[in-house]
Novice: 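A single structure is presented below for examination.
Protein chains get the first letters and strands the later ones, always in sequence-line order, with residue 1 at the start of each.
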Amino acid sequence: MPPQTRRSSFPKVVIERDTESEESSSEDEAVEEEEEQEEANVVVPEETIEAEASELKKKGKTPITITLKKVCKVCKKTGHEAGFRGATYIDCPMKPCFLCKMPGHTTMTCPHRVATEYGIVPAPRKNTTTSLEFVFQRQLQPRLPPIKPAYVIPDQVHCAVIRYHSRRVACLEFHPTNNNILLSGDKKGQLGIWDFGKVHEKTIYGNIHNCILNNMKFNPTNGGSIYAASSDGTISCTDLETGISLSLMNLNPNGWEGPSRWRMLYGLDVNSDKSVVLVADNFGYLYMADMRSNNIISKPTLIHKKGTKVVGLNCNPLQPDLLLSCGNDHFARIWDMRRLEAGSSLYNLEHKRVVSSAYFSPQSGSKILTTSLDNRIRVWDSIFGNLDYPSREIVHSHDFNRYLTAFRAEWDPKDSSESLVVIGRYISENYDGAALHPIDFINISTGQLVAEVMDPNITTISPVNKLHPREDILASGSSRSLFIWRPKKLSNIAQPREEKRILLCGEASKKHTKKHDHNSDDDSDNDIFRGKDKGPKQKKLPLKSSSYSSRKSR
DNA sequence: AAAGAATGAGACC
DNA sequence: TGGTCTCCCTTCTT
């Protein structure tokens with residue numbers, strides 16, 4: 001994508017400013033520039049030192065001569081500098097490229113920075129056609145549309161809840177039937193239920209889990225309840241109306257027995273055909289619970305390297321016997337549910353680092369999409385083809401350091417061609433002086449970056465993203481906040497002004513959550529990104545994106 | 001405003 | 001296998 005397009009105009013967002021921060025933006029800029037220069041000056045001019053030295057001599061003191069050279073903040077070596085300069089990050093040339101992990105160039109000059117395309121490896125097709133493949137092709141073929149429709153990208157913030165959760169968002173899920181309900185789980189184990197159609201209707205259930213809610217999935221037979229897996233070692237089944245929760249499994253019945261004994265649940269999926277909830281823990285084991293009796297069925301099965309975290313489970317949408325798992329042993333593995341035992345996986349898909357997510361394609365179930373910490377999204381075009389190598393590897397920045405929820409490339413469930421994918425970006429880009437982390441839409445058939453979506457008011461990284469199963473809506477979780485994005489054109493024409501709302505919740509969110517009656521005829525647009533509780537973040541927001549404070553150099 | 005903390009993978013021994 | 005160090009393009013609180 002050419003750099004000009006990055007400077008596209010941002011949607012106009014009204015932000016209420018406090019009187020003390022009412023200074024002119026030009027002044028802000030001046031101050032900022034000065035600060036930036038200071039930051040960039042790691043070198044103390046030698047004249048200064050000399051002047052000080054001569055002064056000391058006059059006073060009769062022995063001068064200490066210190067020669068300061070340019071020191072890199074990253075590798076501590078001299079001769080070059082690295083780190084943030086304003087909103088632009090300068091890579092340390094001594095290290096391999098931060099983006100594609102290859103030596104010889106920096107992120108700035110990385111060829112993948114412009115075209116997110118990497119080593120297109122065509123999947124060698126199997127010559128023999130199995131009977132399973134034949135049936136599958138027959139079922140699938142009529143459903144493929146002859147002409148692929150253009151992608152509709154939700155690229156404008158429609159509404160948001162700022163600081164809704166008390167810790168970072170870990171997972172998101174749309175309601176299977178109610179189009180306006182978004183569920184969110186956070187690091188503290190809280191479950192959020194937000195009706196973004198009414199915006200102010202939001203609930204937080206805080207007593208279901210007591211640490212990170214890693215994954216959740218609706219009960220396919222009952223849209224009113226949701227299963228969740230948590231690092232507290234339990235599976236919960238929660239009734240959304242009442243908030244009453246039932247614990248299906250507790251892997252730590254004796255409580256805390258040290259970190260090496262504490263079991264945490266990460267991956268979760270529901271197999272409706274078999275009426276089973278599947279979960280996986282941080283020691284490599286898979287567990288199953290019957291959805292009708294809520295009883296644990298079968299013994300735990302070792303499905304990944306012993307002692308490693310299994311972060312993702314996914315059941316094939318068409319083949320109830322196929323299961324996909326991924327984890328910290330650098331593998332995604334395909335299993336036959338009828339033959340689940342340690343080492344009996346059908347295929348092992350190798351990765352260079354941790355696999356944060358692995359999903360079958362949502363409609364045909366014949367493609368596989370994985371996200372790995374080696375900054376690559378991998379695609380297998382057909383589970384019936386050769387699975388030895390991925391069909392494509394797409395370089396994309398999602399290798400995070402710490403403190404963030406793992407990035408997961410998510411399918412667009414509406415895309416019948418099964419090629420549109422959304423994923424948040426870790427690395428920042430300088431957009432009119434602001435360091436922003438876009439949310440990327442990628443065509444996984446070509447590796448092309450279809451769209452990069454961002455808002456000048458969202459300065460935090462958005463690792464959690466989910467596309468709506470029926471509407472052109474993107475939900476994203478960024479730190480403790482949730483955002484609903486809609487296509488720009490649609491939101492300009494079809495939506496009445498008062499519907500655009502951004503709420504600030506803060507710590508006091510629990511007080512006025514459910515059935516918070518808000519008069520929608522009031523100061524409409526003023527609510528956007530403002531926050532009545534005057535959160536510190538909102539205070540700092542300047543009006544113009546050009547004067548937007550760049551990220552601090554560290 | 002600067003410092004601290006929370007916290008996870010990987011390398012190395 | 002387990003302890004320890006390093007990474008140091010986060011985010012929030014004090």
Novice: For the residue pair A/Y426 and A/H437, categorise the inter-ring angle as parallel (less than 30°), tilted (30 to 60°) or perpendicular (more than 60°).
Specialist: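 Ring orientation, 0 to 90° scale: tilted.
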Novice: If you look at every strand shown and take non-hydrogen atoms under 4.0 Å, does A/T107 touch a base, only sugar-phosphate, or nothing?
Specialist: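 If one applies the 4.0 Å heavy-atom cut-off, A/T107 turns out to touch a base.
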Novice: Nearest whole Å is fine: how far is C/dC12 C1' from A/K188 NZ?
Specialist: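 So the NZ-C1' distance, A/K188 to C/dC12, works out to 14 Å.
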Novice: Rounding to an integer number of Å, can you tell me how far A/F407 CZ sits from C/dT10 P?
Specialist: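 The answer, rounded to whole Å, is 11 Å.
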Novice: For A/S478, give me all partners under side-chain hydrogen bond (donor to acceptor under 3.5 Å, both in side chains), at least two apart in sequence or on another chain.
Specialist: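 Once residues adjacent in sequence are excluded, the partners of A/S478 under the side-chain hydrogen bond (donor to acceptor under 3.5 Å, both in side chains) criterion are A/T460, A/S462.
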Novice: A/Y359: which residues meet the side-chain hydrogen bond (donor to acceptor under 3.5 Å, both in side chains) condition with it, sequence neighbours left out?
Specialist: A/E410
Novice: Measure CD1/A/I461 against C1'/C/dC9 and give the value in whole Å, please.
Specialist: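 About 7 Å, once rounded to whole Å.
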Novice: Which letter, B, S or -, goes with each nucleotide of nucleotides 8-13 of chain B from 5' to 3', with contact meaning a protein heavy atom under 4.0 Å?
Specialist: BSS---
Novice: Only counting residues at least two apart or in another chain, list the ones meeting side-chain hydrogen bond (donor to acceptor under 3.5 Å, both in side chains) with A/S184.
Specialist: A/H165
Novice: For A/H330, enumerate each residue passing the ring pair (Phe, Tyr, Trp, His ring centres under 6.0 Å) test, keeping only those at least two apart in sequence or located in another chain.
Specialist: none
Novice: Please measure how far the C1' atom in B/dA9 lies from the corresponding atom in C/dC12, and state the result in whole Å.
Specialist: 23 Å
Novice: Taking for each residue the nucleotide of DNA chain C bearing the nearest heavy atom, is the 5' side occupied by A/K306 or by A/L99?
Specialist: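 The residue mapped nearer the 5' terminus is A/K306.
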Novice: Would you please confirm or rule out a distance under 4.0 Å between OP1 or OP2 of C/dC12 and any side-chain N or O of A/S479?
Specialist: yes
Novice: On DNA chain C, check which nucleotide each of A/S481 and A/F98 is closest to and give me the residue with the more 5' one.
Specialist: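 On the 5' side of the pair lies A/F98.
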Novice: Let me know the distance between NE2 of A/H165 and C1' of C/dT11, rounded to the nearest Å.
Specialist: 16 Å
Novice: How many whole angstroms separate atom CE of A/M454 from atom C1' of C/dC9?
Specialist: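 Checked: the CE to C1' distance equals 16 Å.
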Novice: Starting at atom CD1 of A/I162, determine the distance to atom P of C/dC12, rounded to an integer number of angstrom.
Specialist: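 In whole Å, C/dC12 P lies 11 Å from A/I162 CD1.
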Novice: Starting at atom CG of A/L436, determine the distance to atom P of C/dT10, rounded to an integer number of angstrom.
Specialist: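 From A/L436 CG to C/dT10 P: 13 Å.
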Novice: Once you round it to whole Å, what is the distance between P of C/dC9 and CZ of A/R85?
Specialist: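 So the CZ-P distance, A/R85 to C/dC9, works out to 15 Å.
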Novice: Are A/N375 and A/H396 close enough that a side-chain donor and a side-chain acceptor fall under 3.5 Å?
Specialist: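 There is no such pair between these side chains.
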Novice: Once side-chain hydrogen bond (donor to acceptor under 3.5 Å, both in side chains) is applied, do any residues pair with A/S247, and if so which ones, sequence neighbours excluded?
Specialist: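 With neighbours one apart ignored, the set is empty.
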